[in-house]
Amino acid sequence: MFGMGFFEITLVAVIAIIALGPEKLPKAMVEIARFLKKFKSGVEDAKSTLDNELSISEMREEANKFKAQIEDAKSSVNVNNMDLGLNDIMNDTNSQENEVASKKELTSKKEKKKKKKSQEKDEIKNLETDQEKEISTKDEVSKDEDPSNKFKVKFDDEKVKEDS
């Protein structure tokens, strides 16, 4: 272990017993074991991270190789005779633009309908308030006329009939 033989390990243990004493030695050994365990796990994490980085760099190298092959293939192929499907792509984008435009039209129509409905509601409210005002003015006019006068006249007419 760490390039140490049995005699060297025994010498270190005897010095530790003398320096720490028999009471503190078990606690110190536990702490040393914890430290070594954490140190080993840290080294393993570093190794795995390094391996991941190396594999990523290998992937990049492979990707660069493929990219170079594609560039070579592009330069060797005559592009004038090849149909790349650009017309289909352009038609798809035009149809998507048309769909977006139609959606905008639908939303603007809905907004117009909402505005009309709110205007109609406002007109109805205005009509209702006008009717309420008319009713209140009629009530005021009818209050000015004394309804007892009508009964008096009728009552007086009956008295005249009785007297005759």
Side-chain angles (χ1 to χ4, degrees), residues 1-140:
M1 185 170 147
F2 301 116
M4 295 172 56
F6 179 74
F7 178 71
E8 294 164 341
I9 292 174
T10 311
L11 181 65
V12 170
V14 170
I15 293 173
I17 291 173
I18 293 170
L20 295 174
E23 294 96 23
K24 293 182 182 178
L25 185 62
K27 291 179 184 176
M29 294 299 286
V30 169
E31 289 181 18
I32 290 171
R34 285 183 186 162
F35 172 75
L36 289 175
K37 186 176 181 180
K38 286 182 182 179
F39 183 74
K40 283 183 181 180
S41 66
V43 169
E44 288 176 7
D45 288 342
K47 282 183 181 179
S48 65
T49 304
L50 184 62
D51 289 339
N52 287 337
E53 289 296 323
L54 290 175
S55 67
I56 290 173
S57 64
E58 289 174 2
M59 287 180 177
R60 286 183 183 159
E61 289 175 7
E62 289 180 18
N64 288 333
K65 287 179 185 177
F66 287 127
K67 187 175 179 182
Q69 289 176 352
I70 290 172
E71 292 296 326
D72 290 339
K74 270 186 180 178
S75 63
S76 65
V77 173
N78 186 3
V79 178
N80 292 334
N81 295 333
M82 188 177 282
D83 180 25
L84 299 176
L86 293 176
N87 292 331
D88 295 336
I89 293 170
M90 294 302 290
N91 290 336
D92 287 342
T93 57
N94 288 337
S95 65
Q96 289 174 353
E97 290 173 357
N98 291 337
E99 288 177 15
V100 170
S102 66
K103 287 180 182 178
K104 285 182 181 178
E105 288 178 20
L106 287 174
T107 54
S108 65
K109 288 179 181 179
K110 288 179 181 178
E111 290 175 1
K112 287 178 183 178
K113 286 181 181 179
K114 286 181 182 178
K115 285 181 182 178
K116 284 183 181 179
K117 286 182 180 179
S118 65
Q119 288 175 350
E120 289 174 356
K121 287 180 182 178
D122 291 340
E123 289 176 3
I124 290 171
K125 286 181 182 177
N126 289 337
L127 288 173
E128 288 175 351
T129 54
D130 289 344
Q131 288 176 351
E132 288 174 0
K133 286 179 183 177
E134 286 179 19
I135 290 171
S136 65
T137 56
K138 286 181 181 178
D139 287 343
E140 288 175 5

Exercise. Atom CD1 of I124 and atom NZ of K121: how far apart are they, to the nearest 0.5 Å?
Worked result: 9.0 Å
Exercise. Between atom CD of E120 and atom NZ of K117, what is the distance when rounded to the nearest 0.5 Å?
Worked result: 8.5 Å
Problem set entry | Distance, nearest 0.5 Å, that separates NZ of K38 from CG of L36 | 12.0 Å
For this session: Find the distance between OG1 (T107) and NZ (K112) and round it off to the nearest 0.5 Å.
Result: 10.5 Å
For this session: Report the distance from atom CG of L127 to atom NZ of K125, rounding to the nearest 0.5 Å.
Result: 12.5 Å
Exercise. Are the side chain of E8 and the backbone of G5 linked by a donor-acceptor contact shorter than 3.5 Å?
Worked result: yes
Problem set entry | Spacing of D45 atom CG and K47 atom NZ [to the nearest 0.5 Å] | 11.5 Å
